[in-house]
Amino acid sequence: GSMVSSVLTGGLAGLAWSLYPPAIVISTWITQEAFFTTLLMAGIGVLAVSLSSAQPRVRWALAAGLLMGLATLLRATPLMIAVFLLPVWIWKRRPFDALAFVLGMALLIIPWAVRNRVVLQDRILVSTGTGNVFLLGSEEEQITASEKKGPFYEAAAADGIKHGLLKPNPEYGSAIDAWFFRIALMRYQRRLENRPLSFLRLSGL
């Protein structure tokens, strides 16, 4: 709070979050989201300390990179953080901070990527991608109907094959994810042609 606004603001924000019903529920979950959020916020906090210092803080940048690396193993989103922070490091003239941060992330990510290459015979950095999520979003009812995802994937795959999008062989995880992404693009295009207003209303109409 003191770095962004004031100590009082930080305290009030913390109190509000502690009493926020979804936050109370989420804190009881033993899931990836809870651990990911904890690591992500810890990494952002350490990174903020590193960037707010008048002098380069290589050790803090390295620690932030390690925390972000751990968070990346749960969700791939933090991979883009270094790209967005690059202008900040250039502006502040802190190339060693940037290198330390990237090194910290790489120390956690590269072993997992090597493991995926050796064990799965697939070039997967952290996760296969977002093709399956993109496909789920092509029909909004699938977002809440988690128990129906299996039949939905089967129907979508059959639809893709029917329209010439053949299933990859061999069936590597990255190839299947890319295949799902192409099927999703086909379904979105069809939806744009037949139900263009559904994009404006974010509904199935």
Side-chain angles (χ1 to χ4, degrees), residues 22-23 25-26 29 31-37 39-41 43-44 68-88 90 101-102 105-106 108-110 112-205:
V25 174
I26 291 173
W29 294 355
T31 60
Q32 288 185 355
E33 287 77 12
F35 291 115
F36 169 74
T37 304
L39 292 169
L40 179 67
M41 295 308 297
I44 290 176
M68 288 297 182
L70 284 173
T72 303
L73 296 181
L74 299 173
R75 289 287 185 272
T77 313
L79 282 172
M80 299 302 297
I81 290 179
V83 177
F84 289 111
L85 285 177
L86 185 59
V88 178
I90 294 175
F101 181 81
V102 172
M105 291 192 70
L108 276 299
I109 295 171
I110 289 178
W112 182 250
V114 171
R115 176 265 177 198
N116 290 336
R117 181 60 178 164
V118 172
V119 176
L120 303 178
Q121 300 296 310
D122 201 355
R123 294 186 178 91
I124 300 175
L125 186 61
V126 176
S127 61
T128 54
T130 59
N132 60 336
V133 178
F134 191 51
L135 178 57
L136 283 175
S138 65
E139 293 295 340
E140 67 286 337
E141 62 267 17
Q142 294 302 321
I143 300 300
T144 55
S146 58
E147 71 282 356
K148 299 180 181 179
K149 288 182 181 179
F152 171 75
Y153 281 131
E154 294 175 4
D159 187 34
I161 294 173
K162 179 181 177 181
H163 289 84
L165 298 176
L166 300 181
K167 193 173 185 179
N169 185 24
E171 298 181 11
Y172 291 133
S174 58
I176 292 294
D177 192 75
W179 180 52
F180 278 158
F181 190 86
R182 292 194 298 271
I183 293 175
L185 284 177
M186 178 194 71
R187 294 171 68 92
Y188 274 114
Q189 182 180 3
R190 187 188 307 163
R191 181 174 169 181
L192 183 61
E193 294 171 354
N194 300 327
R195 295 178 292 150
L197 293 179
S198 66
F199 286 91
L200 298 177
R201 298 186 58 178
L202 300 179
S203 69
L205 298 179

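These numbers were taken from a predicted model, which means no experiment stands behind them.
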Keeping the roles fixed (side chain from [X], backbone from [Y]), state whether a donor-acceptor pair exists under 3.5 Å.
| X | Y | answer |
| --- | --- | --- |
| Glu171 | Pro168 | no |
| Asp122 | Ser174 | yes |
| Asp177 | Thr130 | yes |

Would you name the heavy atoms of [X] and [Y] that are closest together and state the gap between them?
| X | Y | value |
| --- | --- | --- |
| Ile183 | Ala157 | CD1-CA, 4.0 Å |
| Pro170 | Ala175 | O-CB, 4.4 Å |
| Phe101 | Ala82 | CE2-CB, 4.1 Å |

What distance do [X] atom [atom1] and [Y] atom [atom2] have between them, rounded to the nearest 0.5 Å?
| X | Y | atom1 | atom2 | answer |
| --- | --- | --- | --- | --- |
| His163 | Met186 | NE2 | CE | 5.5 Å |
| Leu125 | Arg117 | CG | CZ | 13.0 Å |
| Met41 | Phe36 | CE | CZ | 10.5 Å |
| Trp112 | Ile124 | CH2 | CD1 | 9.0 Å |

What I'd like to find out is whether the side chain of [X] reaches to under 4.5 Å of the side chain of [Y], using heavy atoms alone.
| X | Y | answer |
| --- | --- | --- |
| Met68 | Leu108 | no |
| Ile109 | Leu79 | yes |
| Leu120 | Arg115 | yes |
| Trp179 | Ile161 | yes |

Mind running side chain to side chain contact (heavy atoms under 4.5 Å, CB included) on Ile176 and Tyr172 for me, showing each step along the way? CA-CA 6 Å; Ile176 292 294; Tyr172 291 133; over 6 Å; no
Pick one: which of Leu39, Ile44, Thr72 meets side chain to side chain contact (heavy atoms under 4.5 Å, CB included) with Pro78?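 By the side chain to side chain contact (heavy atoms under 4.5 Å, CB included) criterion, Pro78 pairs with just one of Leu39, Ile44, Thr72: Thr72.
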Evaluate Leu185 against Phe134 for side chain to side chain contact (heavy atoms under 4.5 Å, CB included), listing each step before the verdict. CA-CA 8 Å; Leu185 284 177; Phe134 191 51; 3.7 Å; yes
Evaluate the criterion side chain to side chain contact (heavy atoms under 4.5 Å, CB included) for residue pair Leu70 and Phe35; output intermediate values, then yes/no. CA-CA 10 Å; Leu70 284 173; Phe35 291 115; over 6 Å; no
Is any side-chain N of the basic residue among Arg187 and Asp159 closer than 4.0 Å to the acidic one's carboxylate O?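 Yes, Arg187 and Asp159 are salt-bridged.
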Would you please test Leu135 and Tyr153 for side chain to side chain contact (heavy atoms under 4.5 Å, CB included) and show each step? CA-CA 8 Å; Leu135 178 57; Tyr153 281 131; 3.8 Å; yes
